[in-house]
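Note sheet for the following structure.
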Amino acid sequence: MNSSFDSLYSVCCNQSETTPLIQNGQSACNQLMSSGANSPQATSPRQKLQRSQPMHILAVRRLQEEDQFRTSSLPAIPNPFPELCSPASSPVLTPSSMPQSPPTHNHVIKVFSEDGTSKAIELPYDMTARDVCQLLIYRCHCVDDSSWTLIEYHPHQNLERCLEDHELVLHVQSTWTMGNESKFLFRKNYAKYEFFKHPVNFLNSSSCPEIQGYLHVKELGKKSWKKLCVFLRRSGLYFSSKGASKEPRHLQLLADIEDNNVFSLIAGKKTCSAPTDYGFCIKPIKMRNETKDLRMFCAEDEQTRTYWMTAFRLFKYGILLYQNFRIPQQRKALLSHFSTPTRSVSENSLVAMDFSGQTGRIIEDPAEAQSAAMEEGQTWRKRSQRMNTLGSSSPLHPPMLSHTIHRTQPWFHGRITRKEAHSIIEKHGPVDGLFLLRDSQSNPKTFVLSLYCQLKIRHFQILPSEENGQLVFSLDDGNTRFTDLIQLVEFYQLNRGILPCKLKHYCAQISL
C-alpha cells in the first residue's frame, strides 16, 4: 500500500496541479482509501481524493516552512564590520553566513615503528600523511625514496591500511573509537603506487582493472564464509544473488565507496576463520557497530587481493592518486636539476695517469683507464681487509669486523623465522626485488636471503667457508665469494647471478 501511494505521490509532486491528472488517479485513490470508507466525510470519490494527496502535500509543505522558520529565527549576531561583508548592506552575521574555520590549535599524535619504539609529534589540523612522513624522514635521518608511508592500524580488529598522501592525519584519528588501542605506524610500502609504474600487472584488459570475480564473503553476524560473484562499480560493491548474473535485479549492495575505506586483514585464517590469509575488509569511516558494519572478503592469492584493493582505491580517489604519485617524482626532478654541480674547466681537463713506472704517463685509451680504476678499487678493498685481519690490537679494526658488520645494516633482521620473514615482506608491499637477510634457523653459522619475485617469496642459503685462512660467504656453492654480507648484497644489487631478479628494495627496520 505504501509503495503504491509513494509512486502516485511522486507523480503528483512532479506535475502541475491539473484536474485531468488527478482524475486519472481517482480509481487508485479509491482503492488506497478503502480502509477509511466508514468515515462520515468519505461520501464521494471526489472527497476521498481531496483527503488523500492534497492534504499530504500541504502537510509536507507546512513542515518545510516550519523548518525554514526555525533556521531563520536563530539569534543573529550584530556585525561590527558591515563594510567587509558581501553584500555591504548586511548589518548582521547569521549562523549560515559565519565562516566555518578549522581548529587552529595543534594536537599531539604518537607514531610507532615495527620494533615498538615511538615518537610523539605535534601537528596542526591541516597536516597530511605525506607531511608527517617527510617530518619523520628528516628526524630519523632516513633515506627519502618516496616509499615511506603512514599506516592506520587497528589491532583489536586486525586491520591496517596505508593512508593516502593527501589525507589529513588528525581527521583520520578523529574517526577512531576511544579505547581500542588504534595507532599509526611508520613503514615502507613499495607497492603503494605500483599500479602506475607497472599497469600491465594489474590489468586483465586494456581498459580497466579487474573489478569482478568470485570472492569469499563473510556472512554478517556469523563465522561462516560464502563464495559469491562480486562486482565493483563506481556506485559501490555488489554481489549477485543468482550465480554470475549482472542484471540489476540480481545485484545486491554490500558496501558503498564514498563512506568506506579498504583495509588489509591480518592473519584472517586465525582470527576470522577465513579460507585463506589473503583477506581484506571494507570498513565504514564512522562506525556505528563494530561487529555488524565490517564487510570482510577473502581472495585466493595475494595478486587477486591487490587487484581488488587497488580498484577500490582508484574508484574512491580517482585522479588524486595519480597526483600523489607524481608529486615526489616532480620534486626529485626539480632537485636534481638545481643540485647538479656544474663542472669547472679544471675538472674537465683531468686525465687518467699511470705511475707504475719510473715516470708517469697519460692513459689515453678509455678501456685501459677503466681497467686501471677497477684495479685500484680492488687494491683498496684488499688493503682494508688486511687492516681488519692484522689490526687485532686496535679497537678501530677488530679482527671479526667483517663477520658482524652486516648487523648494522637496515636489511638485516637477525634471528627471525621464515614465517616472520614472509609477514615482513608482505607488509612492505610485495614487489619484485624486495628482500631481507636473516640468520638461519636450521644452521646458526649460515644466513638466508629471502627474496620476493614473480608472486613468490624464495629463500636462498648463504654458506660461509674459509679461503686462505679468511672467512668468505657464497650464495652459489663457492663460485662467487665475498668477504662480507655487505659486499654480497652490493654485488647482487647490480648483478642477477643465480637469483631470479636483482635485489632492488630492502625491508627496512628502523627505530623512532
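Computed from a predicted model, the values in this text were never measured in an experiment.
Other residues, nucleotides and ligands contribute only 12 or fewer heavy atoms inside 6.0 Å of the CZ atom of Arg234. Other residues, nucleotides and ligands contribute more than 12 heavy atoms inside 6.0 Å of the CD atom of Glu219.
No side-chain donor from either of Thr306 and Thr310 sits under 3.5 Å from a side-chain acceptor of the other. Side-chain N/O atoms of Thr483 and Gln487 include a donor and acceptor closer than 3.5 Å. For the residue pair His154 and Glu181, no side-chain donor N or O sits within less than 3.5 Å of a side-chain acceptor on the partner. The closest side-chain donor-acceptor pair between Thr128 and His166, if any, does not fall under 3.5 angstrom. Between the side chains of His171 and Gln173, no donor-acceptor pair is found at a separation under 3.5 Å. A donor-acceptor contact closer than 3.5 angstrom is absent between the side chains of Asn443 and Ser440. If you check the side chains of Asp165 and Tyr193, you find a donor sitting under 3.5 Å from an acceptor. There is a side-chain donor-acceptor pair under 3.5 Å between Gln303 and Tyr307. Inspection of the Ser146 and Asp144 side chains reveals no N or O donor paired with an N or O acceptor under 3.5 Å.
With a 4.5 Å cut-off on side-chain heavy atoms, Ser182 and His156 count as touching. Between Leu455 and Asp301, the closest side-chain pair of non-hydrogen atoms is not below 4.5 Å. Side-chain contact between Ile121 and Val108: absent, with no pair of heavy atoms (C-beta onward) separated by less than 4.5 Å. The shortest distance between side-chain heavy atoms of Leu503 and Leu449 falls below 4.5 Å.
The side-chain hydrogen bond (donor to acceptor under 3.5 Å, both in side chains) search around Arg305 returns Glu302, not counting sequence neighbours.
Between Trp148 and Phe186, the ring center distance clears the sub-6.0 Å criterion. Under the 6.0 Å cut-off for aromatic ring centres, Tyr153 and Phe184 do not qualify, their centroids lying 6.0 Å or more apart. A distance of 6.0 Å or more separates the ring centres of Tyr452 and His428. A ring-centre distance under 6.0 Å is found for Phe196 and Phe325.
The two residues Ile257 and Gly236 make their nearest non-hydrogen contact at CG1-CA, 3.9 Å. Taking each heavy atom of Ile498 and Asp476 in turn, the nearest pair found is CD1-CB, 3.8 Å. When all heavy atoms of Gly116 and Phe112 are compared, the pair lying nearest together is O-CD2, 3.9 Å.
Look at Lys188 and Asp145 and you find a salt bridge, because one of the NZ, NE, NH1 or NH2 atoms lies within 4.0 Å of a carboxylate O, short of that distance. Between Arg187 and Glu160 there is a salt bridge, since at least one side-chain N of the basic residue sits less than 4.0 Å from a carboxylate O of the acidic one.
Here the CG-CD distance, from Leu150 to Glu152, works out to 9.0 Å after rounding to the nearest 0.5 Å.
Without hydrogens or angle criteria, Glu420 side chain to Thr417 main chain gives a donor-acceptor distance under 3.5 Å. Put simply, the side chain of Thr271 gets close to the backbone of Ala267: a donor and an acceptor are under 3.5 Å apart. Not one N or O on the side chain of Thr177 forms a donor-acceptor pair closer than 3.5 Å with the backbone of Asn180. Looking only at distances, a side-chain donor or acceptor of Arg496 sits under 3.5 Å from a matching main-chain atom of Pro500. In this structure, the side chain of Asn495 does not engage the main chain of Gly497 through any donor-acceptor pair within 3.5 Å. Trp308 places no side-chain N or O within 3.5 Å of a backbone atom of Leu232 that could act as its donor or acceptor partner.
Results of the salt bridge (Lys or Arg N to Asp or Glu O under 4.0 Å) test with Glu167 over Arg130, Lys316, Arg313, Arg161 single out Arg161 as the only residue that passes.
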Check residues 276-284 and write down every donor-acceptor pair under 3.5 Å in which the side-chain atom is one partner and the other belongs to a residue at least two apart or another chain.
from	atom 1	to	atom 2	distance (Å)
Thr276	OG1	Tyr278	N	3.3
Thr276	OG1	Ala299	O	2.6
Asp277	OD1	Lys269	N	3.2

